[in-house]
Trainee: 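Got a structure here, written out as structure tokens. Questions coming.
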Amino acid sequence: MNYWIFKTEPAECSIDDLLNAAEATIWEGVRNYQARNFLRAASFGDLVLIHHSSCAEVGITGVARITETAFADPSQFDPASPYFDSKVSLANPRWSAVKVKGIERFNRVLSLQELRQQAELHQMQLLRKGNRLSVMPITEDEYQLVYFLGKV
DNA sequence: GCCAACGTTGGC
DNA sequence: GCCAACGTTGGC
């Protein structure tokens, strides 16, 4: 079992969107090689902390689970998609997607400021200055602490 | 809206 | 393969 943090702009796909979706939600549009490689490393059942970015209340808002491991991201082939990549073909896809299901919403949003106050979380990539990765691994201990804080 | 940090592109 | 220029991300 692995643990991850996925960033999302809530205007696009919030924790509530994930929780309200009848089916699993496709996590598409990742266009960074390092983030893509992390997506490919995700296993069925892995737990995912959902982080809201570029919004009024930035922070970790809940938990989701990987329900389908990496497959070719369909949006890379779709000229109508903002994630379209003209350099790929069906025979030579470049980008991957996974599917996730929302599990639960935290009782409050865990801000970056609050997370930074936890000495045990200082190693988290999410908290590094200038961090831009949208898919990041997290240790089990870090996950457990964040989950605890979110449910207080 | 500012701007630091970072990834990508492309000329050489 | 170097590196400057450029575009994007994302917190604040």
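Since the model is a prediction, treat every value here as computed from it, not as a measurement. Residue numbering restarts at 1 for every chain, and letters A, B, ... go by the order of the sequence lines.
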Trainee: Would you please indicate yes or no on a ring centroid separation below 6.0 angstrom for Phe71(A) and Trp95(A)?
Mentor: no

Trainee: Please determine which of Arg31(A), Lys99(A), Arg36(A) meets the salt bridge (charged side-chain N to carboxylate O under 4.0 Å, His left out) test together with Asp73(A).
Mentor: Arg31(A)

Trainee: Rounded to the nearest 0.5 Å, how far apart are CD1 of Ile15(A) and NE2 of His51(A)?
Mentor: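 NE2 of His51(A) is found 12.5 Å from CD1 of Ile15(A).
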
Trainee: Please identify the 5'-most and 3'-most nucleotides of DNA chain C with any atom under 4.0 angstrom from a heavy atom of chain A.
Mentor: dG7(C) to dC12(C)

Trainee: Taking distance alone, no hydrogens or angles, what donor-acceptor pairs closer than 3.5 Å link side-chain atoms of residues 38-49 of chain A to residues at least two apart or in another chain?
Mentor:
from	atom 1	to	atom 2	distance (Å)
Arg40(A)	NE	Ser96(A)	OG	2.8
Arg40(A)	NH2	Arg94(A)	O	3.2
Arg40(A)	NH2	Ser96(A)	OG	3.4
Ser43(A)	OG	Asn2(A)	ND2	3.4
Asp46(A)	OD1	Asn2(A)	N	2.9
Asp46(A)	OD2	Asn2(A)	ND2	3.0
Asp46(A)	OD2	Trp4(A)	NE1	2.9
Asp46(A)	OD2	Ser43(A)	N	2.7

Trainee: Tell me if a side-chain donor or acceptor on Asp78(A) pairs with a main-chain N or O of Ser75(A) at a distance below 3.5 Å.
Mentor: no

Trainee: Students often get this wrong, so: under 4.0 angstrom with heavy atoms, is Arg116(A) touching a base, only sugar-phosphate, or nothing?
Mentor: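 Answer is sugar-phosphate: Arg116(A) comes under 4.0 Å of backbone atoms only.
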
Trainee: State, without any angle test, whether Glu142(A) and Thr139(A) hold a side-chain donor-acceptor pair at a distance under 3.5 Å.
Mentor: yes

Trainee: Parallel, tilted or perpendicular for Phe106(A) and Tyr147(A), by the 30°/60° rule?
Mentor: perpendicular

Trainee: Measuring from Gln144(A):CD to Ile138(A):CD1, what's the distance to the nearest 0.5 Å?
Mentor: 9.5 Å

Trainee: Can you sort out which residues in residues 70-85 of chain A have a heavy atom within less than 4.0 Å of DNA chain B? Ascending by number, please.
Mentor: none

Trainee: Hey, does His52(A) reach any base, or is it just sugar-phosphate, or nothing, if we go heavy atoms under 4.0 Å?
Mentor: nothing

